[in-house]
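Order of the sequence lines fixes the chain letters, A, B, ..., with proteins taken first and strands second; residue numbering starts at 1 for each chain. FYI, side chains are in, hydrogens and waters are out, and symmetry mates aren't considered; it's all heavy atoms of this structure.
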Amino acid sequence: MRTYKDEIAELLAPHTGLSTQEIVQAITLPQHIGHGDFAFPCFPLAKKLRKAPPAIAAELAGLIATNASIVKVEPLNGYLNFFIDPADFARRTLGAIAEQGAAYGSTTRGQGKTVVLDYSSPNMGKELAFHHLRGTMIGNSLGKLYARAGYKVVRINHLGDWGTSYGKLIVMFLREGLRESDLAAMTIERLNALYTTFANAAKDDPSLEDQAREAFQRLESGDARYRGLWQAFKDITLRELQRIYAFLDVEFDSYIGEAYFLDHMPKTMDLLAGKDLVKASQGAEIVDLAQHNLPPVMLRKTDGATLYITRDIAAAIYRKETYGFDKCLYVVDNGQSLHFQQLNKVLELAGFAWHKQVEHVPFGLVLIKSEDGGWEKGKTRSGQSSLLKDVIEGAREKILGIIREKNPEAAGKEGLAMQIGVGALVFSELKNRRLNDIRFEWDKALSFEGDSGPYVQNAHVRLCSILRKSAEKAGRPGPDRPAQAGTAGIEFAKLPEPQAQALIRALSLFPDKVGTALEANDPCPMAQYALEIAEGAHSFIHNCRVLGSAEEKERLFLIDCARIALGQTLDLIGVPPIEEM
RNA sequence: GCACCCGUAGCUCAGUGGAUAGAGCAGCGGUUUUCUAAACCGUUGGUCCCAGGUUCGAAUCCUGGCGGGUGCACCA
């Protein structure tokens, strides 16, 4: 589709000696309303033309012929500012939204390409902690953003389901006198508790650690009974995970965990040995990366067992073979950046040119208060963290109280409270750049004032409410959806108010924002954009009465387009676009 | 010692090569007989950590410091 930038570039190209592509790249948005709709900075031309930028801008302004869309060209401070006819801008922006509907902002940049996303990936037998929310929701949002750009998306939950920990679980399970017949009544809470019990018991009886290692060895060697217990523990974990993911509306295409790659270990080790990468060191087998200024990678322990990174190497190869990905992104906290540097280097040294497609998408740590009052990385292992389900429940409780107070008539308060609570938590995770560290405090996590999930949801609710009232007033069933009927009969010149214009401008940015978020592999720009639309919508609704006004038809059309764009934005970041609150 | 990340208003943060650096919270002052006030409008508040460099132009890129967080072989 031809954009205003394209049109401006065509007007400028003959006079600047630049290609239309270069000009489109250079065009920016003026910082101040009133300066125009688009700006072309003349500074880079100064050297070539040997003239001062303001003089170039003034000269170009005289050479550009305006037309029905581009109605004014004005030089200012070395910029050439372009003014678009407001009615034309509205027709084009709202027309695109009405036409594309839920697909607004879709592109074909990823057509025929596949992206594999690895995110959430908790450990089996443990409950999800609050800090798991961040990676889970960043990955969820990136999946939706890539899908909108035309990519085929494969969402993988790389469950941590292998390692000595599961030896501990089995040891404790049997030590507590539990048997297979007790598995049906087993819950994630009880599994989680077994870890804690183990840690405490091991302090008094160090031999337990050996027992755990031995149990894990039996597990690895395929002991039928132990494998049965392991599988049961995994099933219990998956049931609980899916219960929480359902609250968050998060889904995965694959729950293949680490254990799956056990069978791949011999051939992976052979492959690396074949490349002459494997070296014996202190009884273990390693890849020496000293030449690359990285610490060595341990592939196999003294006892012969493989490690996390060995299985990750196998998993990367498996993913390339299975999905033929063009990108493979690991949404994992920044604490593991060294691990991913090592993984990437080993893949490179093993001769896989596609190692460049493998990328760590790190996010900042969620820090919790330590006993001495400082801040430290939250650890599920030591049990020092708040459970995600408890935080969600806390948010839901709090919101429920607010709904009872503000909207006692609302139907389905319980469900709404959940959607608002989840929206608030998710929004606060995504509204900041992903690499920032976050300090978890109950009060702050449950504080939803200002630029928050409820603020953006409330804007969506108000838009929906007007469309609902419009239908009621006319005696039509259901909420009105005027955008579905197309632009016929809409007089776009009837939206001249600054609030309407500001909202339309905000709506026009949607496709660019999706691109920005994708380039950064960060949902943050999309969350910030939700605030922009919400602010525009709140302001328009506050200042321009819709129902009963002389411009009712046009204003309803704008309201519906704003509803579509905001609803899509919320969906892309994983905040429920609710219609009532 | 090495590596990754962060440093912008009193606090929490946007802005990541363009014009006079923006929000929310906190503070101060307003707005509702009318479509959800979980809203809107005004106002106070800045050495963009420091020093060099690149550039027509730097909060943004590079180098070096300072401060903070995290990680660095038998866990995942």
Side-chain angles (χ1 to χ4, degrees), chain A residues 26 28 30-32 35 39 41-47 52-53 76-79 81 121 123 160-165 258 281-284 286 293-303 305 307-309 311-312 333-342 360 362-365 367 374-377 381 399 402-403 406-407 410 420 428 431-433 435-439 444 447-455 457-459 461-470 472-473 499 520 524-525 527-528 531-532 534-535 537-539 541-543 545-549 555-556 559 580-581:
Chain A
T28 61
Q31 217 164 41
H32 302 282
H35 282 183
C42 299
F43 311 100
L45 291 174
K47 203 177 253 178
L76 180 69
N77 302 338
Y79 287 86
N81 290 324
S121 307
N123 291 330
D161 60 359
W162 205 246
T164 323
S165 303
E258 284 187 72
S281 169
Q282 297 171 31
I286 65 157
N293 200 23
L294 287 170
V297 169
M298 182 174 287
L299 297 171
R300 208 195 278 280
K301 299 191 285 183
T302 329
D303 68 2
L307 287 106
Y308 175 45
I309 192 155
R311 296 187 283 270
D312 246 8
D333 80 75
N334 195 32
Q336 292 197 46
S337 65
L338 186 56
H339 167 79
F340 286 105
Q341 281 182 49
Q342 292 176 316
H360 179 208
F363 56 89
L365 302 156
L367 305 170
W375 293 91
E376 61 179 26
K377 190 178 171 184
R381 197 167 310 150
I399 302 280
I402 299 173
I403 296 179
K406 295 198 185 247
N407 191 359
I420 297 167
S428 72
K431 78 169 173 175
N432 297 335
R433 299 222 119 214
L435 275 162
N436 291 6
D437 289 348
I438 288 179
R439 296 166 198 278
K444 280 199 176 165
S447 160
F448 307 131
E449 288 177 343
D451 285 352
S452 65
Y455 178 82
Q457 284 179 318
N458 182 232
V461 162
R462 291 179 80 186
L463 294 165
C464 289
S465 176
I466 292 172
L467 292 160
R468 206 165 42 232
K469 291 268 160 64
S470 168
E472 271 172 31
K473 202 180 75 167
Q499 293 86 358
C524 164
Q528 292 290 332
L531 287 171
E532 263 181 76
E535 193 184 328
H538 277 307
S539 180
I541 291 169
H542 187 84
N543 288 288
R545 169 87 199 174
V546 175
L547 300 179
S549 70
R555 288 180 178 181
L556 268 178
I559 291 283
E580 194 182 359
M581 68 193 282

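- Contacts of A:Arg311 with the nucleic acid, taken as non-hydrogen atoms under 4.0 Å apart, involve only primed sugar atoms and P, OP1 or OP2.
- In this structure, the nucleotide among B:A3, B:C35, B:G15 sitting nearest to the side chain of A:Arg433 is B:G15.
- Ring-base stacking between A:His538 and B:C40 is not satisfied when judged by a centre separation under 5.5 Å and a plane angle under 30°.
- In this structure, the salt bridge (Lys or Arg N to Asp or Glu O under 4.0 Å) partners of A:Glu532, at least two apart in sequence or on a different chain, are A:Lys513.
- Across all strands shown, A:Pro295 has heavy atoms under 4.0 Å from sugar-phosphate atoms exclusively, and none from any base.
- Taking the P atoms as reference points, B:A21 lies 15 Å from B:U60, given to the whole Å.
- Contacts of A:Leu531 with the nucleic acid, taken as non-hydrogen atoms under 4.0 Å apart, are absent.
- A:Gln282 comes within 4.0 angstrom of a nucleotide base, judged by non-hydrogen atoms across all strands.
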Could you go through nucleotides 58-69 of chain B and list every protein N or O atom that sits under 3.5 Å from one of its N or O atoms, giving the distance for each pair?
unit_1, atom_1, unit_2, atom_2, d
B:G69, O2', A:Asp437, OD2, 3.2

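- Residue A:Leu467 is classed as having no contact, given no heavy-atom separation below 4.0 Å to the nucleic acid.
- Residue A:Leu294 is classed as having no contact, given no heavy-atom separation below 4.0 Å to the nucleic acid.
- Scanning all heavy atoms of the two residues, the minimum distance from A:Leu556 to A:Ser470 falls at CD1-OG, 3.3 Å.
- Atoms CD1 (A:Ile438) and P (B:U12) sit 13 Å apart, rounded to a whole Å.
- Spacing between B:G46 and B:G15 at atom C1', rounded to whole Å, works out to 14 Å.
- A:Asp437 pairs by the salt bridge (Lys or Arg N to Asp or Glu O under 4.0 Å) definition with nothing, not counting sequence neighbours.
- The distance from atom CG of A:Asp303 to atom C1' of B:A73 is 13 Å, rounded to the nearest whole Å.
- Comparing A:Arg468 and A:Asn293 along RNA chain B, the residue whose closest nucleotide (by nearest heavy atom) sits nearer the 5' end is A:Asn293.
- Every residue meeting the salt bridge (Lys or Arg N to Asp or Glu O under 4.0 Å) condition with A:Arg311, not counting sequence neighbours, appears here in chain and number order: A:Glu258.
- With contacts defined as side-chain heavy-atom distances shorter than 4.5 Å, the pair A:Gln336/A:Tyr308 qualifies.
- Residue contacts shown for A:Ala520 are absent, as no nucleic acid heavy atom lies under 4.0 Å away.
- For A:Phe340, the ring pair (Phe, Tyr, Trp, His ring centres under 6.0 Å) test picks out A:Tyr330, A:His360, with sequence neighbours left out.
- Taking all atoms of both residues into account, the shortest heavy-atom contact from A:Gln457 to A:Ile420 is OE1-CA, 3.5 Å.
- Distances shorter than 4.0 Å separate none of the side-chain N or O atoms of A:Gln528 from OP1 or OP2 on B:A14.
- Comparing B:U54 with B:U63, their P atoms are spaced 15 Å from each other, to the whole Å.
- Every residue two or more places apart in sequence or in another chain was checked for a side chain to side chain donor-acceptor pair (under 3.5 Å) with A:Ser539, and none qualifies.
- Taking A:Glu535 as the reference, A:Tyr455 meet the side-chain contact (heavy atoms from CB on, under 4.5 Å) condition, with sequence neighbours excluded.
- Atom P of nucleotide B:A39 and atom CZ of A:Phe448 are separated by 14 Å, given to the nearest angstrom.
- Within the 4.0 angstrom heavy-atom criterion, no nucleotide atom of any strand lies near A:Gly364.
- Between the C1' atoms of B:C13 and B:U55, the separation comes to 29 Å (whole Å).
- Shown here for A:Ala537 and A:Ala459, the closest heavy-atom pair between the two residues is CB-CB, 4.4 Å.
- Map A:His339 and A:Val297 each onto its nearest nucleotide of RNA chain B; the residue landing nearer the 5' end is A:Val297.
- For B:C74, the base has a donor-acceptor partner in the side chain of A:Thr302 [N/O atoms by modelled type, under 3.5 angstrom].
- In this structure, A:Gln341 atom CD and B:G71 atom P are separated by 15 Å, rounded to whole Å.
- With hydrogens and angles disregarded, no donor-acceptor distance shorter than 3.5 Å links the side chain of A:Asp333 to the backbone of A:Leu365.
- Evaluation of the side-chain contact (heavy atoms from CB on, under 4.5 Å) rule for A:Arg545 yields A:Leu547 as partners, not counting sequence neighbours.
- The same atom, C1', is picked in B:C6 and in B:C48; the two are 14 Å apart, to the nearest Å.
- In this structure, the nucleotide among B:A38, B:C35, B:C6 sitting nearest to the side chain of A:Ile466 is B:C35.
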What nitrogen or oxygen pairs link the protein and nucleotides 24-28 of chain B at under 3.5 Å?
unit_1, atom_1, unit_2, atom_2, d
B:G24, O4', A:Asp451, OD2, 3.3
B:G24, O2', A:Asp451, N, 3.3

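- Here A:Leu547 lies in heavy-atom contact (under 4.0 Å) with a base.
- One N or O donor and one acceptor, one from the side chain of A:Asn81 and one from the base of B:A19, sit under 3.5 Å apart.
- Comparing B:A38, B:A73, B:C40 by their nearest atom to the side chain of A:Met298 picks out B:A73.
- For A:Leu338 and B:C2, the CG to P distance is 15 Å, given to the nearest whole Å.
- Using C1' as the reference atom, B:U34 and B:C40 are 15 Å apart when rounded to the nearest Å.
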Check: protein-nucleotides 54-57 of chain B nitrogen or oxygen pairs below 3.5 Å:
unit_1, atom_1, unit_2, atom_2, d
B:C56, OP1, A:Lys47, NZ, 2.5

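- An OP1 or OP2 oxygen of B:C40 is reached within less than 4.0 angstrom by a side-chain nitrogen or oxygen of A:Tyr455.
- Every residue two or more places apart in sequence or in another chain that forms a side-chain contact (heavy atoms from CB on, under 4.5 Å) with A:Lys406 is listed here: A:Ile402.
- Contact between the side-chain N/O atoms of A:Asn436 and the OP1/OP2 oxygens of B:G7 is not found at any separation under 4.0 Å.
- Counting only N and O atoms by type, the side chains of A:His339 and A:Asp312 include a donor and acceptor under 3.5 Å apart.
- Remark: the A:Ser281 side chain and the B:A73 base include a donor-acceptor N/O pair separated by less than 3.5 Å.
- Note on A:Ser337: every side-chain N or O is 4.0 Å or more away from OP1 and OP2 of B:C5.
- B:C41 sits 32 Å from B:C61 when the P atoms are compared, rounded to a whole Å.
- In this structure, A:Arg462 reaches the sugar-phosphate backbone alone: every heavy-atom distance under 4.0 Å involves primed, P, OP1 or OP2 atoms, never a base.
- Among the nucleotides B:C74, B:U31, B:A38, the one closest to the side chain of A:Ile403 is B:A38.
- Whole-Å rounding puts the A:His360 NE2 to B:G71 P distance at 14 Å.
- Not counting sequence neighbours, the partners of A:Arg555 by the side-chain contact (heavy atoms from CB on, under 4.5 Å) test are A:Leu495, A:Glu497, A:Phe540, A:Cys544, A:Val546, A:Ser549, A:Glu551.
- Between the P atoms of B:U47 and B:A39, the separation comes to 31 Å (whole Å).
- Put simply, A:Arg555 has no side-chain N or O that comes within less than 4.0 Å of OP1 or OP2 on B:C35.
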